[in-house]
Chemist: 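Structure in structure tokens, see below.
Proteins come first, then strands; the chains are lettered A, B, ... in the order of their sequence lines, and each starts at number 1. What you are looking at is a predicted structure, and each value in this text was computed from that prediction instead of being measured.
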Protein chains: 2
Amino acid sequence: MRISEAAARSGLKVDTIRFYEAEGLVPNITRSSDGQRRFSQENVDWLTLLYWLRETGMPMKVMQRFAALYAQGDATIPDRKSILLDHSRLLAKRRDDLDRCDEILARKLEIYEEYLR
Amino acid sequence: MRISEAAARSGLKVDTIRFYEAEGLVPNITRSSDGQRRFSQENVDWLTLLYWLRETGMPMKVMQRFAALYAQGDATIPDRKSILLDHSRLLAKRRDDLDRCDEILARKLEIYEEYLR
DNA sequence: TACCGGCCTTGAGTAACTCCAGGTCAAGAA
DNA sequence: TTCTTGACCTGGAGTTACTCAAGGCCGGTA
């Protein structure tokens, strides 16, 4: 499929996909005879994963390492696994941050209510 | 207190505090006779709030609006309240994103386990 | 008095997009 | 067949939100 569809399916913008490809984050993108990118289902699955990793705060450098490992084949699965496990610890930390912020907002809003009464 | 202590207490870096002040995000910072910033407890509370708002993804433009309202006094509390309520909706969305990403990671890790067996 | 740590300002650098200008190409309408 | 449209291409500039470095001042200690 072409880039606009890959964008719609993965959640990433067209520009971001091109940028990610240039940065080496998306292996194996082929081109049609006139130079346009063509995306396989595997490409789109990969982009979707990148979308969610980014959305939850994985830095590009880590994605780059992850992509390099992915490009090297199944032998790198243990390394990739440890990257994802690290990231899932980060998710837990972010959830804590959200809770902490929720508390602070609740207190603040309560104080506002006092003023408004 | 001075800037290093304000940084330690709020969670923000010294540079970030100076940057935020320059952008109008921190009202009422006074200076000592030799030009150094002095922070009151109210300043630090405000910085701490900014820290958590940033940490959970509030864009600077919104913080700017929020700070401008804060500087205008208690009459703006309803407006500030609605900004915080909006933000707390965003927190909910982020929590959903984390859950979604967790699922995706779990599936991915499961597939990795298959390969490793 | 010489040094040191902490502060100051200004300005450059970075990360991760995001947008724009100018150009190609294939396919359908006139 | 020529014209237009729409999706794509590249290269480069612009944006956001910091982050760091250079060079300088000032108050306190050895």
Chemist: Can you tell me if the side-chain N/O atoms of Thr16(A) get under 4.0 Å from OP1 or OP2 in dT18(C)?
Modeler: yes
Chemist: Measure the distance from CG on Asp15(B) to C1' on dT14(C) and round it to the nearest whole Å.
Modeler: 14 Å
Chemist: Given axes from five pairs at either end, by how many degrees does the helix from dT1(C)-dA30(D) to dA30(C)-dT1(D) bend, rounded to 10°?
Modeler: 20°
Chemist: Can you name the residues that form a ring pair (Phe, Tyr, Trp, His ring centres under 6.0 Å) with Phe66(A), not counting sequence neighbours?
Modeler: Trp46(A)
Chemist: What is the distance from NZ of Lys13(A) to C1' of dC8(D), rounded to the nearest Å?
Modeler: 18 Å
Chemist: Between dG24(D) atom C1' and Asp34(B) atom CG, what is the distance in whole Å?
Modeler: 14 Å
Chemist: Taking side chain as C-beta onward, heavy atoms only, is Leu25(B) less than 4.5 Å from Gln64(B)?
Modeler: yes
Chemist: Decide yes or no for Met58(B) and Ile83(B): does some side-chain heavy atom of the first lie under 4.5 Å from some side-chain heavy atom of the second?
Modeler: yes
Chemist: Which parts of residues 83-101 of chain A get close to DNA chain D, meaning a heavy atom less than 4.0 angstrom away?
Modeler: none
Chemist: Just grab all the side-chain hydrogen bond (donor to acceptor under 3.5 Å, both in side chains) pairs involving residues 8-17 of chain B, residues at least two apart or on different chains.
Modeler: Glu5(B)-Arg9(B)
Chemist: Of all residues at least two apart in sequence or in a different chain, which pass the side chain to side chain donor-acceptor pair (under 3.5 Å) check with Ser32(A)?
Modeler: Asp34(A)
Chemist: Nearest-Å distance, CZ (Phe19(A)) to P (dG11(D))?
Modeler: 15 Å
Chemist: Identify, with sequence neighbours excluded, every residue that meets side chain to side chain contact (heavy atoms under 4.5 Å, CB included) alongside Arg100(B).
Modeler: Trp52(A), Glu103(B), Ile104(B)
Chemist: Who are the side chain to side chain donor-acceptor pair (under 3.5 Å) partners of Arg2(B), not counting sequence neighbours?
Modeler: none
Chemist: Would you say that Arg94(A) contacts Thr56(A) through its side chain, given a criterion of any heavy-atom pair below 4.5 Å between the two side chains?
Modeler: no
Chemist: Polar atom pairs between nucleotides 1-7 of chain C and protein, under 3.5 Å, N or O only, would you list them?
Modeler:
{"unit_1": "dG6(C)", "atom_1": "O3'", "unit_2": "Arg2(B)", "atom_2": "NH1", "d": "3.3"}
{"unit_1": "dC7(C)", "atom_1": "OP1", "unit_2": "Ser4(B)", "atom_2": "N", "d": "3.4"}
{"unit_1": "dC7(C)", "atom_1": "OP1", "unit_2": "Ser4(B)", "atom_2": "OG", "d": "2.8"}

Chemist: Does Arg31(B) put a side-chain nitrogen or oxygen below 4.0 Å from OP1 or OP2 of dC26(D)?
Modeler: no
Chemist: Suppose we screen for side chain to side chain contact (heavy atoms under 4.5 Å, CB included). Which residues come up paired with Asp74(A), at least two apart in sequence or across chains?
Modeler: Ile77(A), Arg80(A), Tyr115(B)
Chemist: Which of residues 43-68 of chain A have a heavy atom under 4.0 Å from DNA chain C?
Modeler: Arg54(A), Pro59(A), Met60(A), Lys61(A)
Chemist: Measuring from atom CG of Leu49(B) to atom CZ of Arg54(B), what distance do you get when rounded to the nearest 0.5 angstrom?
Modeler: 12.5 Å
Chemist: My understanding is that only residues two or more places apart in sequence, or in another chain, count here; which of them pass salt bridge (charged side-chain N to carboxylate O under 4.0 Å, His left out) with Asp45(B)?
Modeler: none
Chemist: Got a sec, which residues hit side chain to side chain donor-acceptor pair (under 3.5 Å) with Tyr70(B), two or more places apart in sequence or on another chain?
Modeler: Glu42(B)
Chemist: Under 4.0 Å between a side-chain N or O of Tyr20(A) and OP1 or OP2 of dC17(C)?
Modeler: yes
Chemist: Is the backbone of Lys93(A) close enough, under 3.5 Å, to the side chain of Asp96(A) for a donor and an acceptor to pair up by distance?
Modeler: no
